[in-house]
**Q** 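Can you read through this structure? Questions will come right after.
Remember, it's 1-based here, ligands and their atoms both numbered in the order they're listed. All values below were derived from every heavy atom in this structure, side-chain atoms included, with hydrogens, water molecules and symmetry-related copies excluded.
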Amino acid sequence: MSYKKYAYINTIGCQMNVYDSEKLAGILKSRGFEITDGMDKADIVVCNTCSIRHKAEEKAFSFLGRFAREKKKRPDLITVMAGCVAQQEGEKAFVRVPHLDIVLGTQAFSRFGQHLDALESGKKQIVDIGESHIIFEAMPDEAGFDENKISKFITIMQGCDNYCTYCVVPYVRGRERSRNHDAIVDEIKILAKNGIREITLLGQNVNSYGIKEEGISFPQLLKKVSEVEGIARIRFATSHPKDLSMELIHAIRDIDKVCKHLHLPVQSGSNKILKKMNRGYTRQTYIERIKALKKACPDIGLSTDIIVGFPSEDTKDFNDTMELLSEVGFDSIFAFAYSDRSSAPAAKFADQVDEKEKMSRLNQLLELQDIYTEKKNKALVGSKLEVLVEGESLKQRDGFLKTSDKMKQMTGRSASNKIVHFPSDTSAIGDLITIQIEEAYPHSLWGYPLGVEKNEK
Ligand code: 5AD
Ligand code: SF4
């Protein structure tokens, strides 16, 4: 019997890292590894890291630090630090994690196989933080495929040229570059053939897709992707407010498969802070774009990212951000306390805000948004939403189930990105089904499929 080899991959950070990890899994699978959930039986442990905030970076070091003792017991165990922290630290990573075997930077993923070979032939402590023109095209697609999902992320571009003053991305992921549109469409066709129904196109600023390469524009890419048979829904992230064009607004409106949801990070409601962040727009232009978007797509779901406690943010600036929440009417927000990143310019800015004050502002902001989120959800009671079924609901509520044994509580998402729970004995993962919304909570909606009789409690 041949000995089976196992790989454990820990992914920290954004959706792009999830995609990158799938590619690493593909390389490992093609070399005979089986991906495992059990760290203890792994022959290789990979941590795909994130350095966007201090906390994420610490998570990576503490995860990899845990393997020091295991490595002493099992010297053959391979440990790999991949991604943004790896890129940032390079050789220095060995100072904090001396047992590391490979440090794999953000542009080195396509060379992972080569480094594994080198390790096998006796090379030690490999560091690759070099550049690469290859953005995944040369990496296996089908091998990394996980059959149980209906929704997949797909990276369409890498890096960023915007240099927001708080952000490490331009330093750890390099200059912005877009993938070839044919390669993207081909990859999506493979996913569709394997039963994927929803895809999310990823980039730091998808609005500038293809511009440098003088290829097709992002709205044109959306159109091409919408022509792929089997794909029911298209999402994308992230859009930069300064580049949100009318062409894109119209594409969202006109292409049926494009979900009526936009994630548009505003970061702050204060013009003073936006300027210091180098965001390239004002509060007023942000609001104008939102207005144009709502005019074209009245049922659009909106989400955003906000940073509180950026250097020199005072009470007035913070209140401007609080007020923006009601002015725009976001469905949800992702809010963060500003985290100093030594490679980003804002680390040297004067008037850093006290940590306690940052946390207090963060809590105030989240509490206020909770009120708006619930309000927005409540406004949907009585409406009908088309939902893509994701599977059985983890949350079970007795009163909501019909009495039949076959009836299950299922869950899915609306195009506007709301989580919807409903009872059903017929719907399957990947179905599109219309739900009559009956109840609304801060983070979910509950309803009945059209045609299903309501359970009178
Ligand atoms: N501190 C806090 N939040 C940050 N983000 C990016 N850099 C930082 C930082 N240094 C947030 C931004 C971005 C999201 C992905 O992470 O809001 O949109
Ligand atoms: Fe970072 Fe700004 Fe680029 Fe987003 S647009 S990745 S926040 S530099």
**Q** I'd like to know whether Arg341 forms a salt bridge (Lys or Arg N to Asp or Glu O under 4.0 Å) with Glu57, so could you lay out the CA-CA distance, the side-chain angles of the two residues, the decisive distance to 0.1 Å, and finally the verdict.
**A** CA-CA 10 Å; Arg341 311 281 61 214; Glu57 199 176 298; 2.6 Å; yes

**Q** Is there a heavy atom of Arg173 sitting under 4.0 angstrom from any atom of ligand 2?
**A**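 Contact absent.
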
**Q** Could you go through the side-chain hydrogen bond (donor to acceptor under 3.5 Å, both in side chains) check for Tyr441 and Glu439 one step at a time?
**A** CA-CA 7 Å; Tyr441 297 92; Glu439 292 175 23; 2.7 Å; yes

**Q** For atom 2 (C) of ligand 1, what is the nearest protein heavy atom, given as residue, atom name and distance?
**A**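 In this structure, atom 2 (C) of ligand 1 has Ala337 O, 3.4 Å as its nearest protein heavy atom.
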
**Q** Work out which heavy atom in Ser21 is nearest to a heavy atom in Asn48; give both atom names and the distance.
**A**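 Smallest interatomic distance, heavy atoms only, reads OG-ND2, 3.0 Å.
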
**Q** Is there a side chain to side chain contact (heavy atoms under 4.5 Å, CB included) between Tyr209 and Ile184 once you walk through the steps?
**A** CA-CA 12 Å; Tyr209 170 81; Ile184 295 169; 3.6 Å; yes

**Q** Against the six-membered ring of Phe336, is Arg53 placed for a cation-pi contact (under 6.0 Å from the centre, within 45° of the normal)?
**A**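 Positive - Arg53 is close enough to the ring of Phe336 and near enough to its axis.
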
**Q** Considering the heavy atoms of His240, write down every atom of ligand 2 situated less than 4.0 Å from one of them.
**A**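 Counting atoms of ligand 2 from 1, those under 4.0 Å from His240 are 5 (S).
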
**Q** Which of the numbered atoms in ligand 2 are under 4.0 angstrom from any heavy atom belonging to Tyr163?
**A**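 Checking each atom against Tyr163, I get 8 (S).
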
**Q** Between Asn162 and Lys242, does a side-chain hydrogen bond (donor to acceptor under 3.5 Å, both in side chains) hold up when you go through it step by step?
**A** CA-CA 10 Å; Asn162 288 310; Lys242 76 178 166 55; 2.9 Å; yes

**Q** List ligand 2 atoms under 4.0 Å from Cys160, heavy atoms only on the residue side.
**A**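 Here the atoms of ligand 2 in question are 3 (Fe), 5 (S), 6 (S), 8 (S).
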
**Q** Identify the protein heavy atom lying closest to atom 7 (N) of ligand 1, giving its residue, its atom name and the separation to 0.1 Å.
**A**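 Checked against all protein heavy atoms, atom 7 (N) of ligand 1 sits closest to Tyr166 CD1, 3.3 Å.
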
**Q** If the threshold is 4.0 Å, N to carboxylate O, is there a salt bridge linking Glu227 and Lys224?
**A**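 Salt bridge absent between Glu227 and Lys224.
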
**Q** Can you tell me which residue and heavy atom of the protein come closest to atom 3 (N) of ligand 1, and the distance to 0.1 Å?
**A**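 I find the closest protein heavy atom is Arg53 NH1, 3.2 Å.
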
**Q** Tell me, which protein residue and heavy-atom name are nearest atom 18 (O) of ligand 1, and how many Å apart are they?
**A**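 Answer for atom 18 (O) of ligand 1: Asp305 OD2, 2.6 Å.
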
**Q** Looking at Pro170, which atoms of ligand 2 are within less than 4.0 Å of one of its heavy atoms?
**A**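 By the 4.0 Å cutoff, the relevant atoms are 8 (S).
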
**Q** Between Tyr338 and Asp340, does any side-chain donor sit less than 3.5 Å from a side-chain acceptor?
**A**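 Note: Tyr338 and Asp340 side chains meet the donor-acceptor criterion.
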
**Q** Relative to each other, are the rings of Phe63 and Tyr8 parallel, tilted or perpendicular (30° and 60° limits)?
**A**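 Correct class here is parallel.
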
**Q** Hey, would you say the Phe153 and Tyr19 ring centroids sit under 6.0 Å apart?
**A**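 So the answer is no for these two rings.
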
**Q** Enumerate the atoms of ligand 2 whose separation from the nearest heavy atom of Asn162 is less than 4.0 angstrom.
**A**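 Near Asn162, the atoms of ligand 2 are 5 (S).
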
**Q** Distance under 4.0 Å to a non-hydrogen atom of Tyr166: what atoms of ligand 2 satisfy this?
**A**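 Close to Tyr166: 7 (S).
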
**Q** Quick check on contacts: which atoms of ligand 1 are under 4.0 angstrom from a heavy atom of Ser339?
**A**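 Every atom of ligand 1 under 4.0 Å from some heavy atom of Ser339: 1 (N), 2 (C), 9 (C), 10 (N).
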
**Q** Closer than 4.0 Å to some heavy atom of Tyr338 - which atoms of ligand 1 meet that?
**A**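 Checking each atom against Tyr338, I get 1 (N), 2 (C).
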
**Q** Which atoms of ligand 1 have any heavy atom of Arg341 under 4.0 Å away?
**A**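 So the answer, numbered in order with elements, is 10 (N).
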
**Q** Using heavy atoms and a threshold below 4.0 Å, how should the contact between Ile52 and ligand 1 be classified: side chain, backbone, both, or neither?
**A**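 Both parts.
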
**Q** Within the stated cut-off of 2.8 Å, is an N/O/S atom of Cys164 closer than that to atom 2 (Fe) of ligand 2?
**A**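 Of the N, O and S atoms in Cys164, at least one lies under 2.8 Å from atom 2 (Fe) of ligand 2, which means yes.
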
**Q** Among all protein non-hydrogen atoms, which one is nearest to atom 1 (Fe) of ligand 2, and what is the separation to 0.1 Å?
**A**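 Among all protein heavy atoms, the one nearest atom 1 (Fe) of ligand 2 is Cys167 SG, 2.3 Å.
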
**Q** In terms of residue, atom name and distance, what is the protein heavy atom nearest to atom 12 (C) of ligand 1?
**A**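 It is Gln267 OE1, 3.4 Å.
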
**Q** Is Asp37 atom CG crowded by more than 12 heavy atoms from other residues, nucleotides or ligands, each under 6.0 Å away?
**A**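 Check fails, neighbour count at 12 or below.
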
